[in-house]
Amino acid sequence: MIKLVDYVQKENILMKDVYCSTLMDLAEKDENVVVLDSDLMNSIGTVPFAKKYPERTFNCGVQEANMIGVAAGLSATGKIPYAHTFGPFASRRCCDQVFISASYAKLNVRIVGSDPGVTAAFNGGTHMPFEDVGIMRTIPEMTIIEPVDSIMLEDMIRQLKDVYGVYYLRLLRKNAVQIYEKGSTFEIGKGVLLREGTDITIISTGILVSESLKAADALEKDGIHARVVNMFTIKPIDREMIVRCAKETGAVVTAENHNIINGLGSAVAEVLIEECPVPMGRIGVKDLFGEVGPVDYLQKRFELTAEDIVKEVKKVIVKK
Amino acid sequence: MISNKRIKKLEIFATEIRLETMKAFAKLGFGHVGGAMSIVDTLSVLYGEIMKIDPANPKWPDRDWLVVSKGHAGPSVYSALAIKGYFDKKELLTLNMPGTNLPSHCDRNKTVGIDMTTGSLGQGISTAIGVALGNRMDKRDNYTYLILGDGECDEGQIWEGALFAAHQKLDNLISFVDYNKKQLDGMTCEINDLGDLDAKFHEFGWHAQRIDGHDIAAIYEAIDEAKKTKGKPSMIVLDTIKGKGCCFVEEMYFNHHITISQEQSKRTLSELENRYTDLKREWEDMQ
Ligand SMILES: Cc1ncc(C[n+]2csc(CCOP(=O)(O)OP(=O)(O)O)c2C)c(N)n1
């Protein structure tokens with residue numbers, strides 16, 4: 001069941017708190033649940049987990065590559081590891097360990113990369129992952145999930161306990177904008193239709209989902225009926241939904257807090273070009289490195305706002 | 001031996017670095033205060049006495065280089081650079097602001113005087129080795145200085161570099177570990193114990209020393225000894241206190257990245273200003 005909130009607004013609860021409390025709940029039910037980190041437990045809020053389950057917590061210190069290998073090994077013995085570090089380090093820093101030790105070896109690891117894209121804010125360019133999805137997307141059999149709010153996050157963390165394979169979870173750790181009502185459950189690999197529309201489809205993920213809804217409101221005033229989809233599973237991508245939206249609305253704009261190269265936009269474009277080519281545009285970072293600053297400044301700087309989406313939609317729609 | 005007068009001057013410089021850095025953090029209301037403060041005395045000795053540099057010619061090929069591998073200490077490095085005249089001190093208050101040249105982590109393309117881009121821990125040792133090797137190939141008699149964090153020494157890359165630099169007999173590389181005993185999640189000995197760090201580097205083939213990292217004279221002498229050591233890279237393990245010089249930070253258990261209230265910043269700034277005035281007076285009395 002998926003239910004949308006009537007009024008979209010910032011949540012009071014922090015995503016990291018939901019991450020931790022859900023893991024604690026799972027750990028109580030299943031003694032195989034283990035948490036790994038690379039000296040960022042205070043950032044991701046798993047200190048209560050470590051206090052309650054010290055024997056199931058492995059803070060490796062600042063060593064991401066080792067952590068991923070250890071997680072892979074743990075999973076070979078039947079443990080269910082959730083391994084966290086910042087997104088850039090979860091992807092770039094231990095790419096080969098993710099690839100070989102976890103994926104190629106067909107082991108069972110959940111990799112959690114926090115502070116997606118511009119939400120790395122004051123940590124600046126070195127910490128701002130615009131490429132983590134791209135890196136993970138090229139690893140065979142990888143599943144990539146970006147929970148949009150705390151409701152979806154909780155559901156995903158629960159579901160991930162009982163799946164098998166290598167999963168990358170792109171996790172905002174502060175307050176998300178609430179999109180879904182409590183109790184909603186989601187199917188990995190299936191996009192969610194958030195708003196009906198007939199003129200164009202905006203396919204979005206992460207913090208760009210609420211911007212897309214705002215953009216659709218603004219477009220409505222100009223007589224453009226935009227459909228909005230939350231494509232929270234970036235891989236495997238929901239081909240069926242993309243094709244249906246393309247057929248029914250005749251144009252697509254993607255919106256993501258990531259490089260437009262090899263992220264959601266690329267994934268959608270690949271489907272469209274093969275199955276139903278329609279005019280398309282991509283909102284995302286235009287192949288740039290990150291920089292330091294507050295999130296709202298960075299969203300403007302990298303053209304990730306509702307206004308940017310509106311502009312892009314108007315550019316694309318005339319090509320129909 | 002370094003004279004008492006020169007020591008005093010470096011103590012003044014260190015206090016000025018702390019003061020300017022605290023002002024920038026205070027304006028933002030947060031920052032990596034702990035690790036920025038623990039390394040200040042070493043920065044003072046390096047920029048105040050040791051390094052062959054020319055602030056008017058920051059890319060001078062024969063200069064000494066500094067790679068701050070624990071890149072989150074950037075703010076105190078920026079203060080040292082500004083005080084040395086690389087850029088206007090006023091710019092320090094743009095730390096982390098939109099469009100700034102002074103980001104959280106050191107960036108060689110943004111900040112005049114920063115020699116290497118860092119921020120992803122562990123990587124600075126390799127780039128520093130590359131710089132030292134390149135300068136040796138060019139027969140320059142300059143030094144490359146490298147600052148590592150203790151938590152950073154968890155990274156495997158540190159030990160790859162340690163092995164390689166020794167194999168290369170890289171005696172123009174002088175490195176420090178800011179052994180403040182803490183990383184982000186708490187005490188290094190509780191997270192991933194580093195044990196006897198100087199013994200480890202010694203075992204890897206380095207000339208290793210261990211000193212009080214807040215003792216200006218000891219830092220100076222250790223670097224002097226490192227320069228005299230031929231055929232090996234040098235490691236100086238600095239026993240330090242995370243947050244050194246800012247009482248409220250020193251007292252905190254988790255002091256890696258903190259928020260700073262107006263009350264806290266006001267008190268710390270006035271403590272640092274008092275210390276600065278006292279040191280200045282002591283300096284004048286020495287004349
Ligand atoms: C590769 C990498 N992993 C994680 C981080 C996040 N991080 C920044 S500082 C830090 C702790 C570093 O501790 P230490 O080296 O002891 O620094 P200090 O105590 O001197 O500030 C961590 C985990 C990072 N910057 N780079």
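Lettering of chains follows the sequences in order, A, B, ..., and the numbering in each one begins at 1.
Contact annotation for His72(B): neither backbone nor side-chain heavy atoms come within less than 4.5 Å of a heavy atom of chain A.
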Worksheet item: For Thr126(A) and His105(B), what are the C-alpha separation, side-chain angles and deciding distance, and is it a side chain to side chain contact (heavy atoms under 4.5 Å, CB included)?
Response: CA-CA 8 Å; Thr126(A) 51; His105(B) 298 87; 3.8 Å; yes
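When the shell of 6.0 Å around NZ of Lys161(A) is examined, it contains more than 12 heavy atoms from other residues, nucleotides or ligands. By the 6.0 Å contact criterion, CD on Gln262(B) is open, its count of non-hydrogen atoms from other residues, nucleotides or ligands being 12 or less. Other residues, nucleotides and ligands contribute at most 12 non-hydrogen atoms within 6.0 Å of the NZ atom of Lys300(A).
The shortest distance between side-chain heavy atoms of Pro294(A) and Pro98(B) falls below 4.5 Å.
The candidate from Ser120(B), Pro103(B), Gly71(B) with the greatest count of non-hydrogen atom pairs under 4.5 Å with chain A is Ser120(B). Here Cys60(A) is the residue among Gly125(A), Cys60(A), Pro88(A) with the most heavy-atom pairs under 4.5 Å with chain B. Among Gly186(B), Gly122(B), Gly99(B), the residue with the largest count of heavy-atom pairs under 4.5 Å with chain A is Gly99(B).
Looking only at distances, a side-chain donor or acceptor of Gln63(A) sits under 3.5 Å from a matching main-chain atom of Asp154(B).
Residue pairs meeting the side chain to side chain donor-acceptor pair (under 3.5 Å) criterion with at least one member in residues 92-103 of chain B, sequence neighbours excluded: Glu91(B)-Asn101(B), Thr94(B)-Thr100(B), Asn96(B)-Ser104(B).
Identified by a heavy-atom distance below 4.5 Å to chain B, the contributing residues of residues 90-124 of chain A are Arg93(A), Phe122(A), Asn123(A), in residue-number order. Using a 4.5 Å heavy-atom cut-off against chain B, the contacting residues of residues 37-47 of chain A are Asp39(A), Leu40(A), Met41(A), Asn42(A), Ser43(A). Residues from residues 188-196 of chain B that place a non-hydrogen atom less than 4.5 Å from a non-hydrogen atom of chain A comprise Ile191(B), Asn192(B), given in numerical order.
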